[in-house]
Participant: 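Handing you a structure now.
Note that the numbering runs from 1 along the sequence shown for the chain. Read the numbers this way: they start at 1 and go in the same order the structure lists the ligands and their atoms.
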Amino acid sequence: MNTLRLNPDDTGMQSAADLLSAGECVAIPTETVYGLAADARQGQAVARIYAAKGRPSFNPLIVHVPDADAAAAIADLAPQARALADAFWPGPLTMVLPLRADAGIASLVTAGLDTIGLRVPAHPAARDLLRRFGGPLAAPSANASGRISPTSADHVLSPDGGLDGRIAAVLDAGPCAVGVESTIMGWPEGTATLLRPGGIAAEDIETVLGAPVARHQGDPSRPSAPGQLSSHYAPNAALRLDVTDPLPHETHIAFGQPGPFTLSASGDLSEAAARLFDMLRRADLAGRPISVAPIPEGGLGAAINDRLRRAAAPRD
Ligand code: TXA
Ligand code: MG
């Protein structure tokens, strides 16, 4: 398959919408990372996502919709979910919600669960595409399974862990602004629970809810949000974390200091998040073990550290 690179102009957007209607997979920009989109109502189209990514089949996919009304046609939004939708949609928040029986979503999307992860993306190209396409789009991150999430069309097409030749097209709208995936919230025991730290800080969610949210506990290799495998974000090189004294043979990723591989010279966490995956790739290309400076845990630091711990986890 020859993967097309489409521009986000009228012609390119319409081509992307037409390919999706025809059951093809198209990589699309969102404000977090590039997603590999397919029509969430067509089981065969969704199967192409798993095939292109080589993804373990037990991983349910996030479904992207244009607004909260479209979400409410697919899942039940209890008052707390409504409040979070009002506060953070469109934006980098995914909510795992009870799936409506009449939603018309292919069961492969939810991997057979009776819940569904829904999100309203903020990226203008993603919003334009959802309008033109006129339906829900299932889209996990557009990388081969177990590889680093892509924050540019070049990453999507990269010869190392990319999808060139495996998908119909990529809609190229430049680099992603947020750079880490959406925050995932769910209500597994009836209480608001952070299932994955991401682009919206848990503290900001607690402010809206007026109550603390439970942090998902447990063995990261036995995920309750299925698919949160500990080795999900893996460069080729070995990775050491919280390193203040890098070894001479290591490529060191700095934070709060200048350098050839700094996440943010000024110590800005949102700048660090936006650069994270690109920096891991670039450091990986140097072909040496990687060490990473300590990243403070507050705000977006939680998501960055979560991704780094996964990248550093022992590989299968
Ligand atoms: O920012 C993002 O969220 C990006 C962009 C493309 O929207 N998408 C993304 O999707 O990160 P993915 O597939 O790489 O991660 C989806 C996560 C997985 O950990 C999956 O298990 C969880 O969401 N998830 C999806 N549906 C779920 C459900 N019904 N119950 C529990 N977890 C679910
Ligand atoms: Mg992913």
Side-chain angles (χ1 to χ4, degrees), residues 25-38 40 46 49-50 52-65 74-76 88-99 103 105 107-123 125-127 129-130 136-151 155-156 161 163 170-171 173 176-188 193-200 216 220-234 273-274 276-277 303 306-307 310-311:
C25 289
V26 178
I28 65 165
T30 81
E31 70 277 27
T32 57
V33 300
Y34 273 69
L36 183 55
V46 176
I49 295 179
Y50 289 97
K53 284 181 63 92
R55 189 176 209 192
S57 58
F58 51 79
N59 277 16
L61 307 177
I62 293 175
V63 171
H64 299 69
V65 292
I74 294 174
D76 295 320
F88 299 115
W89 281 352
L93 172 71
T94 294
M95 291 194 279
V96 174
L97 300 166
L99 177 65
I105 300 292
S107 63
L108 197 51
V109 169
T110 56
L113 299 174
D114 55 10
T115 54
I116 186 166
L118 291 178
R119 150 164 142 76
V120 176
H123 195 290
R127 301 183 63 67
L129 184 64
L130 282 166
L137 288 174
S141 52
N143 51 281
S145 186
R147 308 308 298 267
I148 298 169
S149 294
T151 52
H155 292 167
V156 173
L163 302 175
V170 55
L171 189 59
C176 302
V178 178
V180 291
E181 292 91 335
S182 59
T183 298
I184 305 184
M185 287 293 299
W187 285 261
T193 303
L194 179 73
L195 299 176
R196 177 179 76 180
I200 289 176
H216 170 63
S221 69
R222 305 242 138 256
S224 85
Q228 293 195 270
L229 301 174
S230 53
S231 67
H232 192 82
Y233 302 89
L276 177 64
F277 290 121
D306 177 73
R307 298 307 181 277
R310 288 167 200 274

Participant: I'd like the name of whichever of Leu61, Leu36, Ile184 reaches closest to atom 17 (C) of ligand 1 through any heavy atom.
Facilitator: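 Residue with the shortest heavy-atom distance to the ligand atom: Ile184.
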Participant: Has Thr30 got a side-chain atom pairing as donor or acceptor with Thr32's backbone, closer than 3.5 angstrom?
Facilitator: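 At least one qualifying donor-acceptor pair exists.
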Participant: As a quick check of understanding, evaluate side-chain contact (heavy atoms from CB on, under 4.5 Å) for Met95 and Trp89, giving each step before the final call.
Facilitator: CA-CA 11 Å; Met95 291 194 279; Trp89 281 352; 3.7 Å; yes
Participant: At a 4.0 Å threshold, what atoms of ligand 1 neighbour a non-hydrogen atom of Thr32?
Facilitator: 1 (O), 2 (C), 4 (C), 5 (C)
Participant: Side chains of Asn143 and Lys53: closer than 4.5 Å at any heavy-atom pair?
Facilitator: yes
Participant: Do the non-hydrogen side-chain atoms of Val33 and Thr151 ever get within less than 4.5 Å of each other?
Facilitator: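 Counting from C-beta outward, Val33 and Thr151 do come under 4.5 Å.
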Participant: Please tell me whether Arg196 and Thr94 have a donor and an acceptor in their side chains that are separated by less than 3.5 angstrom.
Facilitator: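 No.
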Participant: Quick check on contacts: which atoms of ligand 1 are under 4.0 angstrom from a heavy atom of Pro140?
Facilitator: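 Those qualifying, in numeric order: 10 (O), 12 (P), 13 (O).
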Participant: If hydrogens are left out, which of Glu181, Arg196, His123 has an atom nearest to atom 15 (O) of ligand 1, that is, the closest non-hydrogen atom?
Facilitator: Arg196
Participant: Is a donor on one side and an acceptor on the other found under 3.5 Å between the side chain of Tyr34 and the backbone of Val170?
Facilitator: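 No, Tyr34 side chain to Val170 backbone: no donor-acceptor pair under 3.5 Å.
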Participant: Which bit of Ala139 gets closer than 4.0 Å to ligand 1, counting heavy atoms only: side chain, backbone, both or neither?
Facilitator: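 The answer is the backbone of Ala139.
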Participant: Counting from 1, what ligand 1 atoms have a heavy atom of Leu113 closer than 4.0 Å?
Facilitator: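 With Leu113 as reference, the close atoms of ligand 1 come out as 28 (C), 29 (N), 30 (N).
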Participant: Go through it in stages, so that I can follow the logic: the residues are Ile28 and His64, the test is side-chain contact (heavy atoms from CB on, under 4.5 Å), and I'd like the CA-CA distance, side-chain angles, deciding distance and then a yes or no.
Facilitator: CA-CA 11 Å; Ile28 65 165; His64 299 69; 5.7 Å; no
Participant: Quick check: does Ser149 put an N/O/S atom under 2.8 Å from the Mg ion (ligand 2)?
Facilitator: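 Checking the Mg ion (ligand 2) against Ser149, no N, O or S atom falls under 2.8 Å.
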Participant: What atoms in ligand 1 come closer than 4.0 Å to a heavy atom of Gly35?
Facilitator: 6 (C)
Participant: Heavy-atom contact under 4.0 Å between Val33 and ligand 1?
Facilitator: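 Val33: in contact with ligand 1 (<4.0 Å).
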Participant: Could you pull out, from Ile62, Asp114, Thr30, the option with a heavy atom nearest to atom 9 (C) of ligand 1?
Facilitator: Ile62
Participant: Go through ligand 1 atom by atom and flag the ones less than 4.0 Å from a non-hydrogen atom of His64.
Facilitator: 5 (C), 6 (C), 7 (O)
Participant: Which bit of Ile116 is near ligand 1, meaning a heavy atom under 4.0 Å away: side chain, backbone, both or neither?
Facilitator: backbone
Participant: Distance only, no hydrogens: is a donor on one side chain within 3.5 Å (strictly under) of an acceptor on the other, for Glu181 and Ser149?
Facilitator: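 Their side chains do contain a donor-acceptor pair, which is all the 3.5 Å distance test asks for.
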Participant: What part of Thr115, side chain from CB on, backbone N/CA/C/O, both or neither, has a heavy atom under 4.0 Å from ligand 1?
Facilitator: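 Within the 4.0 Å criterion, Thr115 contacts ligand 1 through backbone and side-chain atoms alike.
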Participant: List ligand 1 atoms under 4.0 Å from Ser141, heavy atoms only on the residue side.
Facilitator: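 Once the distances to Ser141 are compared, the set is 8 (N), 9 (C), 10 (O), 12 (P), 14 (O).
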Participant: Would you say Met185 and Leu194 make side-chain contact, with heavy atoms under 4.5 Å?
Facilitator: yes
